[in-house]
A.B. asks: 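I'd like to ask you about the structure that follows.
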There are 2 protein chains.
Amino acid sequence: MTSFDDFNLIEEKELIPGFFGRMKHTGKMTIVKWKVKKGAVLPPHSHPHVQVTMVLEGEFQMTVNDESKNLHPGEIVSIDGEVVHAGKALTDCLLIDVFHPEREEYK
Amino acid sequence: MTSFDDFNLIEEKELIPGFFGRMKHTGKMTIVKWKVKKGAVLPPHSHPHVQVTMVLEGEFQMTVNDESKNLHPGEIVSIDGEVVHAGKALTDCLLIDVFHPEREEYK
């Protein structure tokens, strides 16, 4: 849908311990702005949605298909659907995730 | 596709006067990180792709369906396909655009 919104006004939810997300569902995509606490761990998982993760602040270790990279601001990872990935916040982080299609379970 | 990348290493292209974009095409989406010069104008246009624009830095005026809003960091706009939109950088800005499907003409 066509709409203006403000992440600062969207309620924050701790969906995974240490991962505080604000979600916007746009019809075709779900956008999540995450504040992540240093040391928080994203366990290995997969989902049918394609995902793009961008690091805005901090350092986040992402592991995709057994390849691990420490991502810094400006770095980005694209993850196809059903591909197993995991992560760890090496510092406090600010991340953006984009999913297609929408993550219905996040609503 | 599944891949790591770094916007800092992607070549910058001035696609519209004052709009300097770095593009990542992921198969299902095109992500663009824009540096925009104060005063740069995005003329009214539309495209079949859905679009999400996020402001990371600065102040960007976006007009969608004759509704104008001045967007600040954290603000976001979702624009459906074929919806006419236009914009203007009120200050130097840093923006993220996400398109689905990919913007083939940006390749």
A.B. asks: Report which part of A:Ile31 has an atom under 4.5 Å of a heavy atom belonging to chain B: side chain, backbone, both, or neither.
C.D. replies: side chain

A.B. asks: Answer with yes or no whether the hydrophobic clustering places A:Val77 together with B:Ile96; edges join I, L, V, M, F, W, Y residues whose side-chain heavy atoms lie under 4.5 Å apart.
C.D. replies: no

A.B. asks: Given a strict heavy-atom distance threshold of 4.5 Å, which part of A:Val98 is in contact with chain B: side chain, backbone, both, or neither?
C.D. replies: both

A.B. asks: Would you mind checking which part of A:Leu56 comes under 4.5 Å of any heavy atom in chain B, side chain (CB onward), backbone (N, CA, C, O), both or neither?
C.D. replies: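 Contact with chain B: side chain only.
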
A.B. asks: With side chain to side chain contact (heavy atoms under 4.5 Å, CB included) as the criterion, how do A:Met29 and B:Met29 come out once you've worked through the C-alpha distance, each side chain's angles and the decisive distance to 0.1 Å?
C.D. replies: CA-CA 10 Å; A:Met29 296 188 265; B:Met29 297 187 264; 4.0 Å; yes

A.B. asks: Sort A:Met54 into side chain, backbone, both or neither according to what part of it lies under 4.5 angstrom from a heavy atom of chain B.
C.D. replies: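 Contact with chain B involves the side chain of A:Met54 alone.
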
A.B. asks: So, taking the atom named CG in B:Asp80 and the one named OG1 in A:Thr26, what distance separates them when rounded to the nearest 0.5 Å?
C.D. replies: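 B:Asp80 CG to A:Thr26 OG1: 8.0 Å, rounded to 0.5 Å.
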
A.B. asks: I'd like to verify something: which residue of B:Glu67, B:Lys33, B:His100 has the highest number of heavy-atom pairs under 4.5 Å with chain A?
C.D. replies: B:His100

A.B. asks: Pick one of side chain, backbone, both or neither for B:Leu9, based on which atoms fall under 4.5 Å of a heavy atom in chain A.
C.D. replies: neither

A.B. asks: Which heavy-atom pair separates A:Val64 from B:Thr2 by the least distance, and what is that distance?
C.D. replies: CG1-CG2, 3.4 Å

A.B. asks: At a heavy-atom distance under 4.5 Å, which candidate from B:Asp6, B:Val83, B:Ile79, B:Ile76 has the highest pair count against chain A?
C.D. replies: B:Ile76

A.B. asks: Do the side chains of A:Val32 and A:Val55 join up, straight or via other hydrophobic residues, at under 4.5 Å, putting them in one cluster?
C.D. replies: yes

A.B. asks: Following the transitive rule for hydrophobic clusters with a side-chain heavy-atom cut-off under 4.5 Å over Ile, Leu, Val, Met, Phe, Trp and Tyr, establish whether B:Met23 and B:Val36 coincide in one cluster.
C.D. replies: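 Same cluster: B:Met23 reaches B:Val36 through Ile, Leu, Val, Met, Phe, Trp or Tyr contacts under 4.5 Å.
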
A.B. asks: Out of A:Lys24, A:His85, A:Arg22, A:His72, which one racks up the most heavy-atom pairs below 4.5 Å with chain B?
C.D. replies: A:Lys24

A.B. asks: Grouping I, L, V, M, F, W and Y whenever their side-chain heavy atoms are under 4.5 Å apart, do A:Val84 and A:Leu42 come out in a common cluster?
C.D. replies: no

A.B. asks: Passes side chain to side chain contact (heavy atoms under 4.5 Å, CB included), B:Leu71 versus A:Phe4? Steps please.
C.D. replies: CA-CA 9 Å; B:Leu71 304 179; A:Phe4 290 96; 3.8 Å; yes

A.B. asks: In the single-linkage hydrophobic clustering (I, L, V, M, F, W, Y; side-chain heavy atoms under 4.5 Å), do A:Leu95 and A:Val52 co-cluster?
C.D. replies: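 No.
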
A.B. asks: At a 4.5 Å cut-off on heavy atoms, which part of A:Ile10 comes close to chain B: side chain, backbone, both, or neither?
C.D. replies: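 Neither; nothing under 4.5 Å.
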
A.B. asks: Shortest non-hydrogen contact from A:Met1 to B:Ser78?
C.D. replies: O-OG, 2.6 Å

